[in-house]
Amino acid sequence: RRFAPGPVALPLAVLAAACAPAPVIPVPPPTAAMVAPAASPPAGMSLAAIQSGRMYARAGLAYEGGGMDDARIFSIGGILVRHPKGSVLFDAGFGPSVDEHFKIGTPMLLRLASKYDRQTTVAEELRKAGISPSSLTAVILTHTHWDHVSGLEALPGVPVWVPAAELTFVKGTDKAGALARSLGTDSYRAYGFTDGPYRGFPASRDLFGDGSVVLVQAGGHTPGSIIAFVSLPDGKRYALIGDIAWQTEGVDRPAQKPWIARSVDHDRDATRDMLVRLKQLKAADPGLVIVPAHDARVWATLPTLNKAP
């Protein structure tokens, strides 16, 4: 029988979830296919994190085994990849109407347990750096939850790329896609994974044809979630994993989201399996930087935009 926790039951449930030991998720050794393949990123290619705001929560609400006495900052924003063949933005962060978007997109339990702070928009930060948002080739969404699409309202006319499975999800009736639907999908374009296997994934999309940005399907958190692998000319390698894990510990342990927050995962088993795969990838390639969309500690290590004078 399902029930809605009352004002006393909710904090007790949160405390119980935080105090319960996290189950051990077995992780097989990585396969040879997971080793980083050769890539040829061109000179002048770059990656920059653009923060539009923050959310504040506790580790105990981010991953199993986290503590309720461990305050965490969740970065909200987008990651710009500039390439001689075009510039793409991964996720759009908060938009000007974030107050309304938060109400539309956040489940009630998480609304009660978290707060947010909008600082700017990705579009504003691009302009400050002398980059016209209209010059973007596309916004590539890791998935279509509210805090990844909110900023699209400040990027009118920019194409939005999602896998076919994610476009079907957005156009359906799932509440998690409500904000994306309300903002409109006229700019959305579906893409497929037409290139060969990549790092253990059965198919991929090599965005620029040189191995510098490779997208793979990683459904679970949403049906069409993706991972974007980015290789830079200086040898640094990144995996932009969206919300497969909210914090690095989700991959490092690995650990699922706690039960009270796990409802945000469309397919919980598939999300858990993806955490295992990411743990294997990290073992196969220790230099790979795993970038959860909301771990402020990781975002603080990423390059940022150079502001125009």
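Keep in mind that the numbers below use all heavy atoms, side chains included, and drop hydrogens, waters and symmetry copies.
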* Asked: How far apart are the C-alpha atoms of Y116 and Y56, what are their side-chain angles, what is the distance that settles it, and do they pass the side chain to side chain contact (heavy atoms under 4.5 Å, CB included) test?
  -> CA-CA 6 Å; Y116 65 90; Y56 304 91; 5.8 Å; no
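- Proximity of a side-chain donor or acceptor of K282 to a complementary backbone N or O of G287 within less than 3.5 Å is not detected.
- The closest side-chain donor-acceptor pair between H221 and D267, if any, does not fall under 3.5 angstrom.
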Tell me which donor-acceptor pairs under 3.5 Å the side chains of residues 30-44 have, and how far apart each pair is, sequence neighbours excluded?
none

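- For E153 (side chain) and L183 (main-chain N/O), no donor-acceptor pair under 3.5 Å exists by modelled atom type.
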Return a table of donor-acceptor pairs under 3.5 angstrom between the side chains of residues 168-177 and protein atoms on other chains or two or more places apart.
unit_1: T168; atom_1: OG1; unit_2: A164; atom_2: O; d: 3.2
unit_1: D174; atom_1: OD1; unit_2: A176; atom_2: N; d: 2.8

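- With no hydrogens or angles considered, a side-chain donor-acceptor pair links H294 and D243 at under 3.5 Å.
- Listed by first and then second residue, the side-chain hydrogen bond (donor to acceptor under 3.5 Å, both in side chains) pairs that reach into residues 44-53 are Q51-S75, Q51-Q119, sequence neighbours excluded.
- In this structure, the side chains of L89 and V122 come closer than 4.5 Å at one or more pairs of heavy atoms.
- In this structure S231 satisfies the side-chain hydrogen bond (donor to acceptor under 3.5 Å, both in side chains) test with no other residue, sequence neighbours excluded.
- A search for salt bridge (charged side-chain N to carboxylate O under 4.0 Å, His left out) contacts involving D70 returns R72, not counting sequence neighbours.
- In this structure, S97 contributes its side chain and E100 its backbone to no donor-acceptor pair below 3.5 Å.
- Donor-acceptor pairing under 3.5 Å is lacking for the side chains of H143 and D91.
- Ring centroid separation for the pair F229 and Y198 comes in under the 6.0 Å cut-off.
- Between the side chains of Y63 and D252, no donor N or O sits under 3.5 Å from an acceptor N or O.
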Could you give the side-chain donor-acceptor pairs of residues 186-195 under 3.5 Å, partners two or more places apart or in another chain?
unit_1: R189; atom_1: NH1; unit_2: D186; atom_2: O; d: 2.8
unit_1: D195; atom_1: OD2; unit_2: D206; atom_2: N; d: 2.7

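- The two residues A154 and P96 have their closest heavy-atom pair at CB-CD, 4.1 Å.
- Residues F94 and M55 meet the side-chain proximity criterion, which asks for heavy atoms closer than 4.5 Å.
- Aromatic ring centres of F74 and W299 lie farther apart than the 6.0 Å criterion allows.
- Side-chain atoms of R205 never come within 3.5 Å of backbone atoms of L207 as a donor-acceptor pair (strictly under, hydrogens ignored).
- Side chains of D147 and H101: no donor on one and acceptor on the other come within 3.5 Å.
- Look at E64 and R262 and you find a salt bridge, because one of the NZ, NE, NH1 or NH2 atoms lies within 4.0 Å of a carboxylate O, short of that distance.
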